S.K.: 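Shown below is the structure under consideration.
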Amino acid sequence: MVGLPGELLRSAEEFCRDELYSSMIYRALAEIEKDPHRRKLLEKIAEQEYEHYLFWRKLLGRDCSVGRPRVGLMAAGYRLLGPAFTLRLLERGERETIRKYREMLLHLPGAERAKLEEIIRDEKEHERRLLEELEDARIKYLGYVALGLADAIVEITGVHTGFLGATSNTIVAGVAGLVVGFSAAMSMAGAAYIQAKHSKEENPPVSAIVTGISYILSVVLLALPYFLTKSMLLSFTASILVGITLTGAFTYYSTVIQEKPFTRELAESTALLLGTAAASYAFGELLGTILGIKGIIE
């Protein structure tokens with residue numbers, strides 16, 4: 001065992017737990033992976049991660065234990081969100097680990113340093129091989145999900161916000177959002193179908209269904225607050241929060257897959273949403289005042 005000062009000892013213990021976690025996660029993913037080639041790759045990586053764990057355990061001179069909740073969470077993500085998202089998420093963590101390992105190299109003697117350099121090469125090879133295996137049907141239709149989700153959030157938020165300035169009747173605003181949203185979903189699904197017909201990669205019916213379902217689900221979630229309370233301000237606030245949450249969830253998913261900065265992408269999407277809301281409110285308030293709509297549909 002190499003004698004390490006307190007701070008480095010804590011880092012080694014963290015690395016030990018991380019490598020054990022990684023081994024357990026990759027093994028769990030291999031068990032649910034149906035593709036034989038990808039399953040074999042995941043099993044191999046799990047074995048290598050376990051060897052890395054043994055290195056850190058030996059360096060520590062004691063074992064390091066971990067729980068299983070994170071393993072189950074990653075396995076569920078693999079099933080629901082696909083291998084592309086889950087594996088890229090794992091590799092994000094491993095890149096940071098490689099950086100920390102390079103810092104640790106400076107404090108280790110010859111044999112341990114050579115072994116850690118080998119571990120670093122393994123981690124970099126994991127990333128390269130996994131990225132080669134990230135063929136996922138979900139990625140092909142990611143743009144259609146974005147089309148349905150983004151358009152629904154901006155358009156229906158605009159409808160609801162316009163009614164915020166025109167009436168205090170939440171049911172009217174909610175129903176208006178659903179009616180406009182359903183019609184727009186059919187229109188967007190048709191546009192997606194036509195767009196996919198000119199592509200050799202996407203299936204037109206699947207593209208239309210993905211776009212339409214994304215749109216309708218967003219519309220329903222955005223309209224729901226208007227049927228749960230009679231306060232227009234509370235309904236509007238809740239709907240805006242739903243829109244931001246949906247935007248954030250999709251933005252995080254897409255930025256992990258496309259390896260883009262999450263904060264900037266989320267800021268741009270949120271600014272567009274709030275800007276649309278502000279403009280719609282001003283227009284609705286103007287119409288409500290000029291036409292006297294508030295007095296008609298209170």
Side-chain angles (χ1 to χ4, degrees), residues 80-81 141-192 208-256 262-298:
L80 296 174
L81 303 175
Y141 298 101
L142 190 63
Y144 293 97
V145 176
L147 181 66
L149 187 67
D151 193 79
I153 290 174
V154 171
E155 184 167 346
I156 304 307
T157 296
V159 171
H160 290 157
T161 311
F163 273 84
L164 179 67
T167 179
S168 59
N169 191 314
T170 57
I171 299 299
V172 170
V175 169
L178 290 176
V179 171
V180 172
F182 184 79
S183 300
M186 297 301 101
S187 174
M188 292 297 292
I209 291 170
V210 167
T211 303
I213 290 177
S214 300
Y215 204 112
I216 290 173
L217 286 177
S218 301
V219 167
V220 171
L221 290 173
L222 289 167
L224 186 61
Y226 290 88
F227 297 97
L228 299 178
T229 176
K230 293 184 178 181
S231 169
M232 182 64 84
L233 182 59
L234 182 59
S235 300
F236 169 73
T237 303
S239 186
I240 286 288
L241 290 175
V242 168
I244 293 174
T245 301
L246 289 173
T247 300
F250 178 77
T251 300
Y252 183 71
Y253 184 87
S254 61
T255 53
V256 167
F262 170 70
T263 304
R264 188 180 68 186
E265 294 289 321
L266 179 61
E268 290 178 358
S269 299
T270 303
L272 177 61
L273 173 64
L274 296 178
T276 301
S280 299
Y281 173 76
F283 185 67
E285 186 71 33
L286 179 63
L287 286 181
T289 301
I290 295 175
L291 303 177
I293 297 175
K294 284 190 176 183
I296 298 173
I297 52 176
E298 290 290 338

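As the structure is a computational prediction, the values presented were derived from the model and not from experiment.
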S.K.: How far apart are the closest heavy atoms of Ser235 and Thr170, and which atoms are they?
M.R.: OG-CG2, 3.7 Å
S.K.: State, to 0.1 Å, how close Leu221 and Pro225 come at their nearest heavy-atom pair, and which atoms those are.
M.R.: O-CD, 3.4 Å
S.K.: Holding to ring pair (Phe, Tyr, Trp, His ring centres under 6.0 Å), I want the full list of residues that pass it with Phe262, two or more places apart in sequence or in another chain.
M.R.: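 With sequence neighbours excluded, Phe262 shows a ring pair (Phe, Tyr, Trp, His ring centres under 6.0 Å) to Tyr252, given in chain and number order.
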S.K.: Would you check if the side chain of Thr251 reaches a backbone N or O of Leu266 as a donor-acceptor pair within less than 3.5 Å?
M.R.: no
S.K.: Once you round to the nearest 0.5 Å, how far does NZ of Lys230 lie from CD1 of Ile171?
M.R.: 8.5 Å
S.K.: Determine yes or no for a side-chain-to-main-chain donor-acceptor pair under 3.5 angstrom, with Thr211 supplying the side chain and Ala189 the backbone.
M.R.: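 Side chain of Thr211 to backbone of Ala189: no pair is present.
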S.K.: For Ala192 versus Ala208, what's the shortest heavy-atom pair and its separation?
M.R.: CB-CA, 4.2 Å
S.K.: Would you be so kind as to tabulate the donor-acceptor pairs closer than 3.5 Å made by side chains of residues 237-249, with sequence neighbours excluded?
M.R.:
residue: Thr237; atom: OG1; partner: Leu233; partner atom: O; Å: 2.8
residue: Ser239; atom: OG; partner: Leu222; partner atom: O; Å: 2.8
residue: Thr245; atom: OG1; partner: Leu241; partner atom: O; Å: 2.8
residue: Thr247; atom: OG1; partner: Gly243; partner atom: O; Å: 2.8

S.K.: Please check: side-chain N/O of Ser183 versus main-chain N/O of Val179, any donor-acceptor pairing under 3.5 Å?
M.R.: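 Yes, the answer is positive, given that a donor and an acceptor are paired below the 3.5 Å cut-off.
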S.K.: With a 4.5 Å heavy-atom cut-off, do Phe227 and Leu178 have their side chains touching?
M.R.: yes
S.K.: Under the 3.5 angstrom rule, does the side chain of Tyr215 hit a backbone N or O of Ser187 as a donor-acceptor pair?
M.R.: no
